[in-house]
Amino acid sequence: MYFIGIDLGTSSVKLLLMDEAGSIKNIVTKEYPLSLPKPGWSEQNPKDWFEQSMAGLEELLTGFEAKEVAGISFGGQMHGLVILDENDEIIRPAILWNDGRTGKETQYLNEVIGKENLSKYTANIAFAGFTAPKILWIKENEPENFKRIKKIMLPKDYLAYRLSGVFSTDYSDASGMLLLDVKNKIWSKEMMEICNIKEEMLPKLFESYEMTGTLKEELAQRLGLEKTVKIVAGAGDNAAAAVGTGTVGDGACNISLGTSGTVFISSCKFGVDKHNALHAFAHADGHYHLMGCMLSAASCNKWWMEEILKSTDFKGEQEEIKSLGENNTYFLPYLMGERSPHNNPNARGTFIGMTMDTKREDMYQAVLEGVAFGLRDSLEVAKSLGINITRTKISGGGAKSSLWKKILANVLNLTIDVPATEEGPAYGGAILAAVSCGVFKSVEEAGEQLIKIKETIEPEAELVTKYNEKYNKFTKIYPALKPVFDEII
């Protein structure tokens with residue numbers, strides 16, 4: 001049997017074909033445009049997702065026995081708002097996760113409705129990227145479009161709807177809408193009232209590994225697949241990526257060094273930190289997870305190299321960095337504002353501590369260390385909840401850097417395991433499809449059997465001590481500069 005994982009990203013859709021043993025047989029990527037109609041806005045046409053996914057599926061299956069495909073599942077960009085009318089027509093372009101137009105609505109939710117109430121209703125507070133503020137924005141700014149809404153869905157769920165005809169979502173992706181009572185895994189009546197929507201506008205809820213329907217017959221014929229192919233709920237991109245690295249069960253951790261950076265901690269128990277600095281979401285394994293998300297991680301590295309140094313020789317520049325734990329230059333990695341733990345869109349990237357003998361490698365080192373310190377901020381919140389993490393997996397483009405992995409191991413004081421297969425949400429989606437089709441008894445079993453480690457980086461006691469001192473100084477910089485950030489924006 002074959003299983004297909006579809007990762008619906010912001011710039012492209014990645015499709016992956018996996019066999020029962022977890023071996024990747026083929027990968028196809030199809031790009032689609034991103035629209036930026038106004039400063040801070042970010043939109044896409046959901047039809048592009050479907051059309052490019054269908055083209056990708058046809059290419060993915062070329063040379064393989066399509067009749068052997070048993071299931072299709074998904075990982076997808078979270079928080080985006082897709083709205084359909086009574087004829088299932090798209091009302092307006094989807095508003096994406098990185099769209100920043102909802103400042104007014106986010107402030108209303110956090111300050112008028114109140115963070116304490118939001119946390120009680122959903123286990124989270126409002127962020128500009130979440131779905132509920134987007135609904136309020138439509139209601140305020142496009143009232144005619146708001147009146148037409150019959151279905152509200154997330155990006156990957158629009159694709160699943162087009163494939164199966166079933167209006168569904170999973171708990172992990174729904175957790176990021178600010179509409180789900182995460183603890184009890186039901187839609188929040190209070191949030192529906194606040195957003196002036198009805199429950200029938202929201203999709204049916206499933207666990208990520210559950211079958212929601214089967215492939216539409218006309219699509220099965222077009223692709224050469226059986227019409228019995230299972231469409232499986234899938235997960236939000238971070239949860240799907242966690243499945244793809246085996247970060248499931250109780251107390252497992254994954255650090256993602258992508259465009260954004262995340263600390264993802266899976267847990268069998270529901271929990272919320274008292275300041276809501278971490279997201280408390282449902283996980284794709286049927287349990288829960290805590291996640292700290294910093295908006296700029298590997299993108300800080302890319303910015304420094306390509307925009308400032310005008311270079312693409314990442315390896316060569318990093319080879320000049322020699323003195324770990326001894327750098328007196330610091331960098332705040334808030335190039336796009338910050339989410340966890342500060343929740344401050346006004347925060348900005350900042351260098352501090354330079355002197356006449358500061359060199360370019362010192363500043364580059366500060367960028368890499370600043371991201372590591374930012375990730376440690378989230379880890380410290382998890383520790384405050386009594387969660388004891390001693391090792392983590394790592395994924396994302398930034399994880400290709402041996403230097404960065406060494407910095408992270410010592411800043412975080414964690415053993416870092418590098419998975420042999422790192423194909424992100426697409427691989428996690430394929431695993432979820434295999435679980436649904438009975439190849440594995442659970443998501444945890446799939447992780448145990450499929451995920452192999454190719455490299456392990458251990459922290460070094462002397463460096464850990466040095467970085468503890470540096471981190472303690474780093475934590476004092478943002479509070480001192482916060483009033484300045486608020487004033488200069």
Side-chain angles (χ1 to χ4, degrees), residues 2-18 24-36 42-62 64 66 69 71-82 84 90 93-99 153-164 168-170 172-173 176 208 212 215-216 219-220 222-225 229-244 256 258-260 284 395-397 421-433:
Y2 291 132
F3 308 95
I4 295 173
I6 302 178
D7 173 18
L8 189 74
T10 311
S11 59
S12 63
V13 60
K14 179 178 179 180
L15 305 102
L16 180 148
L17 186 68
M18 183 188 85
I24 298 169
K25 313 308 290 185
N26 198 13
I27 295 175
V28 170
T29 300
K30 294 289 186 182
E31 295 182 349
Y32 33 70
L34 175 67
S35 174
L36 305 170
S42 181
E43 300 181 347
Q44 278 175 333
N45 183 351
K47 288 183 179 178
D48 291 338
W49 303 334
F50 176 70
E51 290 169 0
Q52 292 305 308
S53 294
M54 288 299 294
L57 285 168
E58 290 172 338
E59 186 176 332
L60 185 76
L61 296 168
T62 301
F64 295 91
V69 173
I72 300 172
S73 192
F74 314 87
Q77 51 167 297
M78 296 179 69
H79 315 307
L81 175 64
V82 181
L84 306 185
I90 299 164
I95 305 176
L96 303 189
W97 64 276
N98 56 350
D99 187 285
M153 58 182 74
L154 294 157
K156 78 170 189 343
D157 301 322
Y158 173 79
L159 181 56
Y161 184 57
R162 290 291 300 271
L163 292 176
S164 68
S168 64
T169 192
D170 76 287
S172 75
D173 212 359
S208 296
T212 61
L215 188 62
K216 287 181 179 178
L219 298 181
R222 173 179 166 182
L223 296 169
L225 301 175
V229 169
K230 288 185 176 183
I231 302 299
V232 180
D237 51 8
N238 285 297
V243 171
S256 175
T259 301
S260 59
S395 58
T421 300
E422 207 284 278
E423 292 296 344
Y427 192 52
I431 292 172
L432 290 170

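Distance check, rounded to the nearest 0.5 Å: CG of Leu61 to CD1 of Ile4 gives 4.5 Å. To the nearest 0.5 Å, atom CG of residue Leu16 and atom CG of residue Leu60 are 7.5 Å apart. One finds the CG atom of Asn98 at 10.0 Å from the OG1 atom of Thr259 (value rounded to the nearest 0.5 Å). Distance check: Phe3 CZ to Ile72 CD1 gives 11.5 Å after rounding to the nearest 0.5 Å. Once rounded to the nearest 0.5 Å, the distance linking CG of Asp173 with CG of Leu154 reads 4.5 Å. The line from OG of Ser164 to CG of Asp157 is 9.5 Å long, rounded to the nearest 0.5 Å.
Considering only residues two or more places apart in sequence or on other chains, Glu422 meets the salt bridge (charged side-chain N to carboxylate O under 4.0 Å, His left out) condition with none of them. Qualifying side-chain contact (heavy atoms from CB on, under 4.5 Å) partners for Ser12, counting only residues two or more places apart in sequence or in other chains: Thr29, Glu31. Here Tyr427 pairs with nothing under the side chain to side chain donor-acceptor pair (under 3.5 Å) rule; sequence neighbours left out. In this structure, Lys216 has no side chain to side chain donor-acceptor pair (under 3.5 Å) partners at least two apart in sequence or on a different chain. Remark: Ser208 pairs with Asp170 by the side chain to side chain donor-acceptor pair (under 3.5 Å) rule, at least two apart or across chains. Legend: residues meeting side-chain contact (heavy atoms from CB on, under 4.5 Å) with Trp97, ordered by chain and number and at least two apart, are Thr10, Gln77, His79.
Counting only distance, with no hydrogens or angles, the side chain of Ser42 and the backbone of Asp99 share no donor-acceptor pair below 3.5 Å. For the pair Ser256 (side chain) and Gly396 (backbone), a donor-acceptor distance under 3.5 Å is absent. The backbone N or O of Ile231 lies less than 3.5 Å from a partner atom in the side chain of Thr212, making a donor-acceptor pair.
Between Ile90 and Tyr158, some side-chain heavy-atom pair lies under the 4.5 Å cut-off. Side-chain contact between Phe50 and Leu163 is present, with at least one heavy-atom pair separated by less than 4.5 Å. Using a 4.5 Å cut-off on side-chain heavy atoms (C-beta onward), Thr169 and Lys156 make contact. Two residues are said to be in side-chain contact when any heavy atoms from C-beta on lie closer than 4.5 Å; Leu223 and Met54 meet this criterion. Between Tyr32 and Val13, some side-chain heavy-atom pair lies under the 4.5 Å cut-off.
Between Glu423 and Lys14, at least one side-chain N (NZ, or NE/NH1/NH2) sits under 4.0 Å from a carboxylate O, which counts as a salt bridge.
Scanning all heavy atoms of the two residues, the minimum distance from Ser53 to Ile6 falls at OG-CG2, 4.4 Å. What you find for Gly236 and Ser172 is that their closest heavy atoms are N-OG, 3.1 Å. In plain terms, the two heavy atoms of Ala235 and Ala284 that are nearest each other are CB-CB, 3.8 Å. Closest non-hydrogen pair, Ala426 versus Asp7, comes out as N-CB, 3.6 Å. The nearest pair of heavy atoms linking Gly244 to Ile431 is CA-CD1, 4.2 Å. Nearest approach of Ser73 to Leu432, heavy atoms of both residues: OG-CB, 4.0 Å.
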